Amino acid sequence: MQDKLTKQLPWVLAHLIWFLVLPMAANFFPEDTIPAVLMLILMLANPIFCAVTGLTYSLRGNRSWLFLLYPVVGWIGTLFIYFNSSAWVYAVLGIFCSFLGLIFGRWAYNRKKSEAEKWVENQKPAKKAAPSGESAAAARSTASDYAPRVASKTAMKNQQKAAARKAKERAEKEEKIRQKNAPKKKKKKKGGH
């Protein structure tokens, strides 16, 4: 549990820092442009940040939908400090952008994985042997649970092709060795005197 919290802490802190510190930067602009800068932050900077962090989060292989709460945590702090209560609509926009980032990041993460990695990830841990008190019929009914799973028909075909290719390469290599070690035939000279 503590390990999960420590993995999520940087993401929460990044959202808090972004949502609390970035609006403070508007104070460095002239006073007449501060409202415009804050609107740009609300409409562009925060949604882009949410989308990029969502994309990065899921590209790293994380699968938690709790990530959608991190923009909410950031917004709670800034909503009443820098903005009025009508800015909650932009919190929904940030959550939506985080959602899109998570979806596209997950899609890209799954695309870059090979079939073998997907197969290993989908493997279920081996079940324990049936207790001796169970009947033989119960043991037979769960025998399919112990059989190795194949991710898909495509993965199975790819495995079969790889095995056939290796067997062919091995046979060719053995044939070359046999030809190399075979006794050489003497050539007959043509035309005798």
Side-chain angles (χ1 to χ4, degrees), residues 1-127 148-159 162:
M1 178 74 175
Q2 189 177 9
D3 186 42
K4 288 183 180 180
L5 290 176
T6 56
K7 285 183 180 179
Q8 301 303 321
L9 188 61
W11 298 101
V12 174
L13 288 176
H15 279 80
L16 280 174
I17 290 170
W18 179 268
F19 284 103
L20 290 174
V21 173
L22 187 65
M24 279 191 237
N27 292 328
F28 295 114
F29 291 93
E31 280 190 35
D32 58 336
T33 60
I34 288 177
V37 171
L38 287 175
M39 283 306 287
L40 281 174
I41 289 172
L42 278 174
M43 295 176 137
L44 290 176
N46 288 343
I48 290 172
F49 172 78
C50 290
V52 168
T53 54
L55 186 72
T56 307
Y57 180 79
S58 48
L59 277 174
R60 297 188 69 164
N62 298 315
R63 293 182 173 212
S64 177
W65 290 105
L66 290 176
F67 184 82
L68 296 176
L69 293 178
Y70 300 161
V72 174
V73 170
W75 270 103
I76 288 172
T78 61
L79 192 61
F80 299 110
I81 296 173
Y82 302 109
F83 310 110
N84 58 19
S85 60
S86 65
W88 67 269
V89 175
Y90 296 105
V92 174
L93 179 64
I95 293 168
F96 180 71
C97 289
S98 289
F99 175 75
L100 288 179
L102 287 173
I103 295 296
F104 284 118
R106 196 73 205 147
W107 174 77
Y109 178 76
N110 286 333
R111 292 272 305 185
K112 75 176 184 177
K113 288 191 324 186
S114 67
E115 286 289 327
E117 289 171 330
K118 289 178 187 176
W119 183 75
V120 168
E121 187 176 283
N122 290 333
Q123 285 294 315
K124 291 183 179 178
K127 295 186 178 184
R149 288 183 40 212
V150 176
S152 64
K153 289 181 180 178
T154 305
M156 184 174 67
K157 288 179 182 178
N158 289 341
Q159 289 173 351

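Everything numeric in this text was worked out from a predicted model, so none of it was measured. For the numbers below, each heavy atom of this structure counts, side chains included, while hydrogens, waters and symmetry mates do not.
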Using a 4.5 Å cut-off on heavy atoms from C-beta on, say whether the side chain of L93 contacts that of V89. no
Can you give each donor-acceptor pair under 3.5 Å made by side-chain atoms of residues 40-53, sequence neighbours left out, with the distance rounded to 0.1 Å?
unit_1: N46; atom_1: OD1; unit_2: W18; atom_2: NE1; d: 2.8
unit_1: T53; atom_1: OG1; unit_2: F49; atom_2: O; d: 2.9
unit_1: T53; atom_1: OG1; unit_2: C50; atom_2: O; d: 3.1

Is the W11 ring parallel, tilted or perpendicular to the F67 ring (thresholds 30°, 60°)? perpendicular
How many angstroms lie between atom CG of L68 and atom CZ of F96, to the nearest 0.5 angstrom? 11.0 Å
Nearest 0.5 Å, what's the CD1-CG distance between I95 and L69? 7.5 Å
Spacing of CG belonging to L9 relative to CG belonging to L13, to within rounding of 0.5 Å: 4.5 Å
Hey, are the side chains of Y57 and S98 touching, using non-hydrogen atoms and a 4.5 Å cut-off? no
Let me check something: any side-chain donor-acceptor pairs from residues 70-80 under 3.5 Å, sequence neighbours excluded? List them with distances.
unit_1: Y70; atom_1: OH; unit_2: Q8; atom_2: OE1; d: 2.7
unit_1: T78; atom_1: OG1; unit_2: G74; atom_2: O; d: 3.4
unit_1: T78; atom_1: OG1; unit_2: W75; atom_2: O; d: 3.4

CG-CG distance between N110 and L59, expressed to the nearest 0.5 angstrom: 10.5 Å
